[in-house]
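Remarks on the structure that follows.
Proteins get letters first, then strands, A, B, ... in listed order; numbering begins at 1 in each.
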Number of protein chains: 2
Amino acid sequence: MQYLTIKDAIEEQIDTGMFEAGQKLPSERTLAETFSTTRITLREALNHLALSGKIYKEERRGWFVSTAKLIFNPMQCIDIAEACKEQKRNCRIEALSSHRLLATKEMLTVLKLSPFSYVKQQVSLIHIDGRRVAVQYRYIPEEMTTLLSHDEQTDVLTQLLNSFEYDSEKHEIEVGIIPASQLESDALNLSSGSMLLSINQVACNKSQTPFLLQTIRCCHDAINLKISQTA
Amino acid sequence: MQYLTIKDAIEEQIDTGMFEAGQKLPSERTLAETFSTTRITLREALNHLALSGKIYKEERRGWFVSTAKLIFNPMQCIDIAEACKEQKRNCRIEALSSHRLLATKEMLTVLKLSPFSYVKQQVSLIHIDGRRVAVQYRYIPEEMTTLLSHDEQTDVLTQLLNSFEYDSEKHEIEVGIIPASQLESDALNLSSGSMLLSINQVACNKSQTPFLLQTIRCCHDAINLKISQTA
DNA sequence: GAGTGGTCTAGACCACTGT
DNA sequence: CAGTGGTCTAGACCACTCC
């Protein structure tokens, strides 16, 4: 298996520090020539490397060496920015959209709302150390947003969400692998249908009322999920 | 994008019940001819479908339609067979190996053992509804296995583990995506380096002593991770 | 032994990125 | 505009599975 040899060769060059984290690899054509093979075989090698999280691809821009993963505990934390801060990673949250929506059936169930309730949807793009790594969807029951200022800035909302002092004892999470949607591919600079890690969180406040449904769709090489109840 | 059209066509045939769960799809060559394309393009379509969990591949045997996912809560449950029973799925656990090993550094840490401790390793292959879906690694501190009979049968050990009545309040989990090892590829009939969902669990008993480190490597289209503290 | 997927070659054209 | 990755063609040989 030629592609495994190539994979190992590139992997070794990364591990021995020939390529720095975040650095772009040579083009597929250059690499194919280097290893005297075709682009198809070379891409096979790169795809396998990407699965292990060592490198990632940006649409039409090339292959890059992954940086260290952010450790995230979705059972304790609903805010990636907070996790970044603790781990001294640079985080920027870019608001993509904010809408008032009729709650879907699933939202009604998990947020325990009455039929035809509205939710506030907020979609954000999360950058860690300059790289686009995740798209975050937040759904908040409309009645709970009346407490909030109508400022759309993420930071304000985030702080307010945190002020709810949610009860981490009552927290439901769903984790899975899904192909990126069009919106996610575009926002994250991925080729359509790329693999994303999907994290669904339902957070409740102290009085056991669910107040937030959050979905994070992230690059699997950027986040390490460590789930525990005790910090 | 031709491959997306093909993907959608196959997906529709599956959704409308033209292919039953577990059924084998026509061969790549046949499908390629059907859609008047090459195998490479067709495989691109199949790979994208596989990412969404609709189909899966067995090494040199072909592509199959996925069955319903098993819902698994690793925060509450350390036994896939138990989850299968509750969800009325047929589960068979096949013991692959059982050894006494010197604990690695990681095991010493998570199991809170003194240096140079030994652990009992037990590797099993899990079948659900006749399909090989996961490889399970269990590591148990040797001193705790003295309580157990030396019968190597999985069922006995499983029952004994359950009799520990582990404390689900104290439970740590790690979830990630990794390429299959050689052992895992062979056991699960996968091509080398296929994507697996990796679930790491550390379970403690009521006296807060960790007694089990378990790693499950499973096909992502076979298991749905729903994590919550309350059942 | 026929058929399957696994791997590979040697090209090609396109849409898009970066300069 | 040059270069990149995205997609595609039209083959080929091999190791393995299934009959």
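The phosphate of D/dT4 has OP1 or OP2 within less than 4.0 Å of a side-chain N or O from A/S27. Remark: A/R39 is not in phosphate contact with C/dA10, judged by side-chain N or O atoms under 4.0 Å from OP1 or OP2. OP1 or OP2 of D/dG6 lies within a sub-4.0 Å distance of a side-chain N or O belonging to A/K57. Contact annotation: A/Y3 side-chain N/O to C/dT7 OP1/OP2 distance is under 4.0 Å. Applying the 4.0 Å criterion to OP1 and OP2 of C/dG5, one finds that B/S191 has every side-chain N and O outside that range. Listed pair A/T41 / C/dT9 meets the phosphate criterion, a side-chain N or O lying under 4.0 Å from OP1 or OP2.
Distance CD (B/E28) to P (D/dT17): 16 Å, rounded to an integer number of Å. For A/N189 and C/dT17, the CG to P distance is 8 Å, given to the nearest whole Å. Atoms CG (B/N47) and P (D/dT7) sit 12 Å apart, rounded to a whole Å. Summarising the geometry, the separation between NE2 on A/H48 and C1' on C/dG6 is reported as 10 Å, rounded to the nearest angstrom. A straight line from CZ of A/F64 to C1' of C/dT17 spans 11 Å, rounded to a whole angstrom. One can place CD of B/Q2 at 17 Å from P of C/dC13, the figure rounded to the nearest angstrom. Between the P atom of C/dC8 and the CG atom of A/L42 lies a distance of 11 Å, rounded to the nearest Å. We find that CZ of B/R43 is positioned 16 Å from C1' of D/dT9, with the value rounded to whole Å.
For the pair A/R131 and A/Y56, the cation sits on the ring face: its NZ or CZ lies under 6.0 Å from the ring centre, inside 45° of the axis.
No N or O donor and acceptor, one from the side chain of A/R60 and one from the base of C/dG18, sit under 3.5 Å apart.
Looking at which nucleotide of DNA chain C each of B/W63 and B/I40 is closest to, the 5′-most match is held by B/W63.
The side chain of B/R29 approaches C/dT4 more closely than any other nucleotide in the set C/dT7, D/dG6, C/dT4. The A/K24 side chain lies nearest to D/dG5 when the options are D/dT7, C/dT7, D/dG5.
Between A/C84 and A/I128 the shortest side-chain heavy-atom distance falls below 4.5 Å.
Checked by atom type, the side-chain pair B/Q136/B/T215 shows no donor-acceptor distance below 3.5 Å. Using modelled atom types and a 3.5 Å distance limit, the side chains of A/E58 and A/W63 yield no donor-acceptor pair.
Looking at A/K54 and A/E11, a side-chain N of the basic residue comes within less than 4.0 Å of a carboxylate O on the acidic one, giving a salt bridge.
Base engagement by A/T38 is indicated by at least one non-hydrogen atom pair under 4.0 Å involving a base atom.
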